[in-house]
Amino acid sequence: MFMNKKKWLVAGIAMLSAVTLAACSNNSSKQSGTEKSVSLPATYNASGKATAAGNNSTLKIAEVNDAPFTGISSPTLASNAEDSDVFAPGGTQWGQINTLFNVGKNYKIINGGMANQKLDRKAKTATITLRKDARWSNGAKVTAKDVEYPYEIIGNKKTTSQQYSSDYAAIKGMAAYHAGKAKTISGITYPDGQNGRTVVIHFTKMSPAMQYEGNSFIWASVEPYEYFKNVPISKLASSPQVRKHPIFTGPYKLDKVVQGESTSWSPNKYFYGKQPQVKHITIQVVSSNNIVSAFSSKKYDFAAGGPDIVMPSSQYPKVKALKSYTVTGVPQMGYSYFGFNVGHMNTKTGLNVMDKNAKMSNKNLRKAMLYAVDMDAVSKKFGHGMTWRANTLIPPTFKNVYNAKAPGFKYNMKKAKSLLNKAGYKKQGKWRTDPNGKKLTIHFGGMSGSAATEAEYQYYMQQWRKAGLNVKMTTGKPMEMNSFYSTIQKPSQNKIDVWTGAWSTSSEPTPTQIYGVDAPYNMGHFVTKKNTQLLNSLNSNKAWNAKYRAQQFKKWQSYMNSQAAYGPEQFSMSWTPVNHRVKGYNVNADNNNFWSDLSLTAANPK
């Protein structure tokens, strides 16, 4: 997503309904928080008519990534957005694999998708009704049980899903199921049976977030229960049903997976909606170092990712100059960040715990490291208007709740050194010691990527060393993406003290699933009563008042900056060149037929 740091998903369908660990791709920019530098169109429509030769050919899409994709096709089990990208044709919009709902311009759920949703605040229920002709790509009927099964996967005590948070406990019976005290979720019922079309979810409280896709209360996709039922939930992520032969509800069916490298697709004859026009699609991994030459050679039509594309912004001038392509883009639903390891997760309770003796437990140390880095300069050097310094942990694309007035951490080395001095990090020779006078070595983790990305890492360490901190890369060099995330996702680890990562956020911005006390994605393990109170306030009964909700969102952003357990790094544009043979490219939020709208005017990229 931004600096070749891997995208990660949370909360739902791969991108729009999910938070995603994002592969930060050298993005960087010129401003400090409120607006992007470059304005790009969200759509592209080639001149001339689509042709039979074009539509019978193969649409070629590049997945820009510096590591193999994991290959988890299930939206409830996937945790990085690269997986959602390569399996995206199995859904209707980008990243919305097996999605239930259509959405409007602001991702508000509307009728007309695979299912409709009706909220009843008085009864505290959500009723989800499937359309009669909804089918899986193997011809099987989509059932009420398929709507319910994701909740079992997410809440199961032995699951590998990363999606659970306290918000799901608002479903009656979910807490008991999650604790292993109940075999079923009592609050999810089937008025016309498990093989019927209707599911009613009973809540202890209703939330304004429920009106929007990607919220952390109502899961927005289905899972094929009959196809999965003989596989234990703990082993589902490694099963052939998920890895080798997955089925989908969208306009395309999967023909082939080359593990970690590519996926191939053809039209799904059982799809309920508008039939796709292009007969073949391939999505292939291309490294950030090779992507410009690949487009220059006309190997691909556009890059994968939709609203969360990972194109290296350092290459924007070269890509913009390509005559056979038009650059499109939208503000990214995500951000890159600095994370600090301040605790661990208690594996018995499933709760994150702050460790007062953790190396990075002093917030003035964390703040000093953030002030020591000139993100405006980094953005100017590498961003080319595609990225800019982030000032909060909510991206500005969420205009109603984004805190544009928060100053963030504008470069101030003098302040950084002052904070360290006051906190007792005194110099003894070249380096500072900790407040107890002991030797201090800080280990920095970053994912391998392009030359620009790795230059940024060297700059960060240079600045921290200028402040007197002895900072070294964890392995002596940038880490391979999967190795990096397997390290920081451990319940307890001491190999990485500070890291850079990125989130591809949900289309509903509540951050409970990233920063909550029971969130697996809270990989730095930051926990305070104040944070929990503020997060809870975002979806309290009072939060149905939009003004109050926006006010609380802004308070939360300011509070997180004051604690600096996670520091904002960069905001970004999601952008890609689109080849001049492509018609109907449209990544606007309200395009619920992304794949079906595409057509081609020629047999090969022009």
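Since this is a predicted model, take the numbers as computed values, not measurements.
Ring orientation note: the planes of W503 and Y515 are nearly perpendicular, at an angle over 60° on the 30°/60° scale.
Counting only heavy atoms from C-beta outward, the side chains of L365 and M360 approach each other to under 4.5 Å. At least one side-chain heavy atom of I128 sits less than 4.5 Å from a side-chain heavy atom of I218. Looking at heavy atoms from C-beta onward, T160 lies out of side-chain contact with L236 at the 4.5 angstrom threshold. Between Y190 and V199 there is a side-chain heavy-atom pair separated by less than 4.5 Å. Between I109 and Q211, the closest side-chain pair of non-hydrogen atoms is not below 4.5 Å. Counting heavy atoms from C-beta on, the side chains of F398 and E508 never come closer than 4.5 Å. With contacts defined as side-chain heavy-atom distances shorter than 4.5 Å, the pair T397/Q332 does not qualify. For the pair P511 and L538, the minimum side-chain heavy-atom distance is below 4.5 Å.
From Y227, atom OH reaches atom OH of Y149 across 14.0 Å, with rounding to the nearest 0.5 Å. Once rounded to the nearest 0.5 Å, the distance linking CE of M481 with OG of S486 reads 10.0 Å. Here I188 contributes atom CD1 and E148 contributes atom CD; the two are 5.0 Å apart, rounded to the nearest 0.5 Å. Atom CD1 of I442 is separated from atom CZ of F340 by 8.5 Å, given to the nearest 0.5 angstrom. Y559 OH to T528 OG1: the interatomic distance, rounded to the nearest 0.5 Å, is 2.5 Å. Taking OG1 of T487 as the start and CG of N341 as the end, the distance is 11.0 Å to the nearest 0.5 Å.
Looking only at distances, a side-chain donor or acceptor of T475 sits under 3.5 Å from a matching main-chain atom of K477. With hydrogens and angles disregarded, no donor-acceptor distance shorter than 3.5 Å links the side chain of N391 to the backbone of P568. Looking at E569, its side chain never comes within 3.5 Å of a backbone N or O of Y335 through a donor-acceptor pair. Panel note: side chain R243, backbone Q259; no donor-acceptor pair is recorded below 3.5 Å. At distances below 3.5 Å, at least one donor-acceptor pair connects side-chain atoms of S574 with backbone N or O atoms of D308. No side-chain donor-acceptor contact under 3.5 Å links T441 to the backbone of N470. Counting only distance, with no hydrogens or angles, the side chain of K367 and the backbone of S562 share a donor-acceptor pair below 3.5 Å. Put simply, the side chain of N364 never gets that close to the backbone of L420: no donor and acceptor are under 3.5 Å apart. Within the 3.5 Å criterion, the main-chain N or O of A81 finds a donor-acceptor partner in the side chain of S84. With hydrogens and angles disregarded, a donor-acceptor distance shorter than 3.5 Å links the side chain of D518 to the backbone of S166.
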Would F217 and F203 count as a ring pair (Phe, Tyr, Trp, His ring centres under 6.0 Å) here? Give the steps.
CA-CA 9 Å; F217 296 87; F203 294 93; 7.0 Å; no
Chi angles and distances behind the side chain to side chain contact (heavy atoms under 4.5 Å, CB included) call for M523, Q489
CA-CA 6 Å; M523 295 174 288; Q489 281 191 295; 3.5 Å; yes
Audit row: N541, R121, side chain to side chain contact (heavy atoms under 4.5 Å, CB included) steps and yes/no
CA-CA 10 Å; N541 204 41; R121 285 180 64 188; 3.9 Å; yes
Show the numbers, then the answer: is there a side chain to side chain contact (heavy atoms under 4.5 Å, CB included) between E152 and I185?
CA-CA 8 Å; E152 290 192 38; I185 304 167; 4.2 Å; yes
Decide side chain to side chain contact (heavy atoms under 4.5 Å, CB included) for M369 and V373; before the verdict, give the C-alpha distance in whole Å, the side-chain angles of both, and the deciding distance to 0.1 Å.
CA-CA 7 Å; M369 293 183 75; V373 173; over 6 Å; no
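Under the 3.5 Å distance criterion, with hydrogens and angles disregarded, a donor-acceptor pair is assigned to the side chains of N531 and W556. N403 and S558 share a donor-acceptor pair across their side chains, judged by distance under 3.5 Å alone. Between the side chains of R549 and T510, a donor-acceptor pair is found at a separation under 3.5 Å. For the residue pair N80/T70, the side-chain donor-acceptor check at 3.5 Å is satisfied. In this structure, a donor-acceptor pair under 3.5 Å is absent between the side chains of W431 and Y425. With 3.5 Å as the limit, one finds no donor-acceptor pair spanning the side chains of T159 and Y164. For the 3.5 Å distance criterion, the side chains of Q162 and S79 fail to qualify, holding no donor opposite an acceptor. Judged by distance alone, the side chains of Q163 and T76 never bring a donor and an acceptor atom under 3.5 Å apart. Side-chain atoms of Y225 and K145 form no donor-acceptor pair, as typed in the model, at a separation below 3.5 Å. No side-chain donor-acceptor contact under 3.5 Å links Q513 and S165.
Considering all non-hydrogen atoms of both residues, A406 and N561 come closest at CB-ND2, 4.2 Å. Smallest separation of non-hydrogen atoms from P68 and E480: CD-OE2, 4.2 Å. Across every non-hydrogen atom of A115 and F101, the tightest pair is O-CD2, 3.6 Å. Closest approach of E223 and P75 over heavy atoms only: OE2-CD, 3.5 Å. Looking at every heavy atom in both residues, Y457 comes nearest to M473 through CD1-CE, 4.1 Å. For the pair L119 and Q117, the tightest heavy-atom approach, listed with the atom from each and the gap, is CD2-NE2, 3.6 Å.
Here Y168 and H178 keep their ring centres 6.0 angstrom or further from each other.
Within 6.0 Å of atom NZ in K495, 12 or fewer heavy atoms from other residues, nucleotides or ligands are found, so the atom counts as exposed in its surroundings. Environment of NZ in K359: crowded, with over 12 heavy atoms of neighbouring residues, nucleotides or ligands closer than 6.0 Å.
Applying the ring pair (Phe, Tyr, Trp, His ring centres under 6.0 Å) test between F338 and each of F409, Y460, Y566 identifies Y460 as the sole match. With F444 as the fixed residue, the ring pair (Phe, Tyr, Trp, His ring centres under 6.0 Å) test singles out one of W464, W499, Y459, F484: W464.
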